[in-house]
4 protein chains.
Amino acid sequence: MDGFQRRKEQKKRNILDAALTLFMEYGISKVSISEIAKEANVSQVTIYNYFESKHQLIHDVFIYYVDKASSDFEKIVYSDTPFPDKIKKIIFNKKEVAKQINEEFYQYLMKEYSTEGNYIEKIYVEKAVPYFTVLFKEGKEQGFIDPNLSEEAILFYVQMLKDYIQKEDVYQKILPLTEEITNIFFYGIIGKQKKDKE
Amino acid sequence: MDGFQRRKEQKKRNILDAALTLFMEYGISKVSISEIAKEANVSQVTIYNYFESKHQLIHDVFIYYVDKASSDFEKIVYSDTPFPDKIKKIIFNKKEVAKQINEEFYQYLMKEYSTEGNYIEKIYVEKAVPYFTVLFKEGKEQGFIDPNLSEEAILFYVQMLKDYIQKEDVYQKILPLTEEITNIFFYGIIGKQKKDKE
Amino acid sequence: MDGFQRRKEQKKRNILDAALTLFMEYGISKVSISEIAKEANVSQVTIYNYFESKHQLIHDVFIYYVDKASSDFEKIVYSDTPFPDKIKKIIFNKKEVAKQINEEFYQYLMKEYSTEGNYIEKIYVEKAVPYFTVLFKEGKEQGFIDPNLSEEAILFYVQMLKDYIQKEDVYQKILPLTEEITNIFFYGIIGKQKKDKE
Amino acid sequence: MDGFQRRKEQKKRNILDAALTLFMEYGISKVSISEIAKEANVSQVTIYNYFESKHQLIHDVFIYYVDKASSDFEKIVYSDTPFPDKIKKIIFNKKEVAKQINEEFYQYLMKEYSTEGNYIEKIYVEKAVPYFTVLFKEGKEQGFIDPNLSEEAILFYVQMLKDYIQKEDVYQKILPLTEEITNIFFYGIIGKQKKDKE
DNA sequence: AATGAATGAGGGTTCATTCAT
DNA sequence: GATGAATGAACCCTCATTCAT
């Protein structure tokens, strides 16, 4: 990739970054192309030169986001850390993805692309799910996960916790409860039971 | 309340209903005053006569919504049903509130009102939390809830499950996992452990 | 029609007039909604309140124009004037329609509506052709028109002359040739031939 | 002209051809520089290197067009064909110019250049009129044209028929009327009269 | 000479809100 | 009190044109 290409890619990334930041902060429909342009220090038209339409930009930002996020997953999953800590990190560590993803972002994509054969879903599954699979296998082997539980159910559960906690307003309130939440996750609301003869 | 008043109140409710329906279906920013007016069979200006601005309308719709929702809670909490079924109902039963509440609705309010000293939060706490308290007390007495768990933690957990599952797209996917999800909620991902001497 | 209605209709006509004037002067694509708004002394949005889109406005302007034009035809056809003078008037008299119709106007409509089953064509035929028929019958009876000529052919011919001469730039140049053009129309380029025994 | 020059000229022609094609198909204002660039396989800037502005490009395309068209005239006029057939060819033969010229093209030039002392007019007169003159002389000598008719009048008449028939939509409708139209052109709407003692 | 990248100006359209009746 | 009519501001997008390489 020569200098031209590199600078071009850089600018594209600038725009994607600016858009991602704004989308996550204010939602999608509240953010105008002109605001993104200002944030990225380019003209509106430049954005249109790189992305055909706002729709397309949103789509590309999503891909960009999923890429980033799944690469963070990967690091955690293959890191040299005890299983429970990995889970904690995934659920609670906001640093893992630069910032939270605004819910509208997800909603928008789900709606807009629902006609395209769950394209979004497909991408997500391809990129992120494999790492989860590896993680859950580890969890089961080490006795942290009930072997009777399906991968889908656990995936849903982790996803939910993660997504929910990512929300700015929730995050603040939940911080002091981290330990408790983790416990519920592992042992349920009924609490840790003594094992036989333990 | 005389006839005039009553008719006036009725019209106000019509508008609130129309707005709520549309907000939940399409999100807030996608719904225009003109659409609400059409749905409620009044003129746009009539809406302004009752509610100062779109902002104010949204706010009032939220109050209206919370009222409705908490009344549903109340019924469940005080119903003659085993504790686990109450929980299931709260988490999974979509009927409890007419339709799902669009996420943007929540987000919008959280953001718009965050400056107003968590006004929304206050309302929610006042209306809905008391019922949860009653419910959790019951749960602890019957041994379904670890007595060491704080009310906040459980509340958060229930809320999260409930909110998340309310999402249209999630709901469909989760249906077959209902049993498993419930199990995780009660016993954690580690699964049901045998109690001593049980 | 009460006062409200009348004023509304009046405003609609103002807009149609403004649009017609501008379209005929500058063509369709060169005229922006904002210019029409300025010319009609209303805001852009008002135009959108009356006409759904620029497309629709153009369409309505066309109907408006055809109505006006055919009413002018009617007057000429049923007036108490010798046949040749009627023809002359139709072809040369610009006053008959306020101003010339810009060619792009016609083209635009033809293209845009070609999918709608020649809607434009239908309107034109309904409104204007009947008067031509009356006129040609008169011409044939009085021996001014070769009885072997089909109505279509003559209609085409008159139309063409009329349209062509309506063009601003052509009109100026043609004025001194009026007599000659009329002669060619009646007697062809071969000129007036003596009739038998005349 | 060396190789450089020749290649340069070729590229210029490519651009002119591309522009002419597109203008005739879609009109002038609907065609963007970027589309012309794509059609001609050059960059937008290259177009600006050869032609100062879109305005200038349009102008040059017109010259290019008139050149082409008048060369077609020339061939017909000097061909070995009876006079009436030459006329027919000129009026009805679309092949003579690659495709019809979009009306807007003509209009645009007429308007834009009207301030420049009828520059367009001048070019047209210089290039095309001389051939018409030759033709009409032939017509008069052979008795096909009334010797009392001025050249201007006949020129106008032929031009008009030609232009009008060139229109795509008109052309289709007129085809079955060719014979009749020709007759009207030669003998007028009054029809062929018997000559004395004929 | 040729191009990819960038842009100011402007176009059609929608929206929350106000005016006038 | 209720409404039809009107609007300023903003949005997405396109275009002719220029900059930088």
Side-chain angles (χ1 to χ4, degrees), chain A residues 2-5 7-8 10-12 15 29-37 40-58, chain B residues 4 7-8 11-12 29-37 41-58, chain C residues 2-5 7-8 11-12 15 29-37 40-58, chain D residues 4-5 7-8 11-12 29-37 41-58:
Chain A
D2 61 21
F4 275 122
Q5 276 299 321
R7 225 168 316 142
K8 189 174 165 175
Q10 185 50 47
K11 199 155 238 170
K12 206 168 174 177
I15 295 172
S29 37
K30 291 277 178 53
V31 174
S32 73
I33 292 286
S34 113
E35 282 168 320
I36 298 171
N41 277 320
V42 296
S43 96
Q44 285 197 54
V45 187
T46 297
I47 294 181
Y48 280 91
N49 286 341
Y50 285 100
F51 310 91
E52 285 221 324
S53 62
K54 189 181 183 184
H55 189 92
Q56 185 62 41
L57 171 60
I58 292 164
Chain B
F4 275 121
R7 231 172 309 144
K8 196 173 156 176
K11 205 161 228 173
K12 206 167 174 178
S29 37
K30 291 275 178 56
V31 174
S32 71
I33 292 286
S34 116
E35 281 167 321
I36 298 172
N41 277 320
V42 296
S43 92
Q44 295 193 48
V45 186
T46 299
I47 294 181
Y48 279 87
N49 287 340
Y50 285 102
F51 310 90
E52 282 218 324
S53 63
K54 190 182 184 184
H55 188 92
Q56 184 61 41
L57 171 60
I58 291 164
Chain C
D2 59 21
F4 275 119
Q5 276 299 321
R7 222 167 320 140
K8 190 174 165 175
K11 198 154 241 170
K12 207 166 173 176
I15 295 171
S29 36
K30 290 276 178 56
V31 174
S32 73
I33 293 285
S34 112
E35 283 166 322
I36 298 172
N41 276 321
V42 296
S43 94
Q44 284 197 54
V45 187
T46 297
I47 293 181
Y48 280 90
N49 286 341
Y50 285 99
F51 310 90
E52 286 221 325
S53 61
K54 189 179 183 185
H55 188 92
Q56 185 62 40
L57 172 60
I58 291 164
Chain D
F4 275 121
Q5 276 298 321
R7 233 173 308 145
K8 197 173 156 176
K11 205 161 228 175
K12 207 166 174 177
S29 38
K30 291 276 178 56
V31 174
S32 70
I33 292 287
S34 116
E35 282 166 321
I36 298 171
N41 277 321
V42 296
S43 93
Q44 295 193 48
V45 187
T46 299
I47 293 181
Y48 279 87
N49 286 340
Y50 287 102
F51 311 90
E52 282 218 326
S53 62
K54 190 181 183 184
H55 189 93
Q56 184 62 40
L57 171 60
I58 292 164

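Throughout, protein chains are lettered first and strands after them, A, B, ... in sequence-line order, and every chain is numbered starting at 1.
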Atom CD of A/Glu52 to atom P of F/dC12: distance rounded to whole Å?
16 Å

Whole-Å distance, B/Ile47 CD1 to E/dC15 C1', equals 13 Å

For a stem of at least 3 consecutive Watson-Crick or G-U pairs with distances under 3.5 Å, i pairing with j, i+1 with j-1 and so on, which stems involve DNA chain E?
E:2-21 with F:2-21

Please report the closest heavy-atom contact between B/Lys30 and B/Glu35, naming both atoms and the distance.
O-OE1, 3.5 Å

Side chain to side chain contact (heavy atoms under 4.5 Å, CB included) filter on B/Tyr48, not counting sequence neighbours, yields B/Ile33

At under 4.0 Å, does any side-chain N or O of A/Tyr50 touch on OP1 or OP2 of E/dA6?
yes

Whole angstroms only, please: what is the OH-P distance between B/Tyr48 and E/dC19?
13 Å

When the distance from NZ of C/Lys54 to C1' of E/dT13 is rounded to whole Å, what number comes out?
12 Å

For the student: nearest non-hydrogen atoms of A/Ala37 and A/Ser43, plus distance
CB-C, 3.9 Å

Interatomic distance, B/Asn49 atom CG to B/Lys12 atom NZ [nearest 0.5 angstrom]
11.5 Å

5′-ward residue of the pair C/Val31/A/Val45 relative to DNA chain E:
A/Val45

To the nearest angstrom, the CD-C1' distance between C/Glu35 and E/dG12 comes to 13 Å

Working to the nearest 0.5 Å, report the span between CD1 of B/Ile47 and NZ of B/Lys54.
10.5 Å

Nearest-Å distance for atom pair CD1/P, residues C/Ile15 and F/dA5
11 Å

Atom-to-atom span, CG of A/Asn49 to P of F/dC15 - whole angstrom:
12 Å

Have a look at D/Phe51 and tell me which of D/Leu57, D/Ile58, D/Ile36, D/Thr46 forms a side chain to side chain contact (heavy atoms under 4.5 Å, CB included) with it.
D/Leu57

Under 4.0 Å between a side-chain N or O of C/Ser43 and OP1 or OP2 of F/dA6?
no

Would one find a side-chain N or O of B/Thr46 under 4.0 angstrom from OP1 or OP2 of F/dT3?
yes

Look at all strands and tell whether B/Lys11 reaches a base, only sugar-phosphate, or nothing, counting heavy atoms closer than 4.0 Å.
sugar-phosphate

So, is A/Lys30 near the phosphate of F/dC11, with a side-chain N or O under 4.0 Å from OP1 or OP2?
no

B/Gln44 has an atom CD; how far is it from atom C1' of F/dA6, in whole Å?
11 Å

Go nucleotide by nucleotide along DNA chain E from the 5' end; which of C/Ile33 and B/Ser32 gets its closest nucleotide reached first?
C/Ile33

To the nearest 0.5 Å, tell me how far C/Glu52 CD sits from C/His55 NE2.
11.0 Å

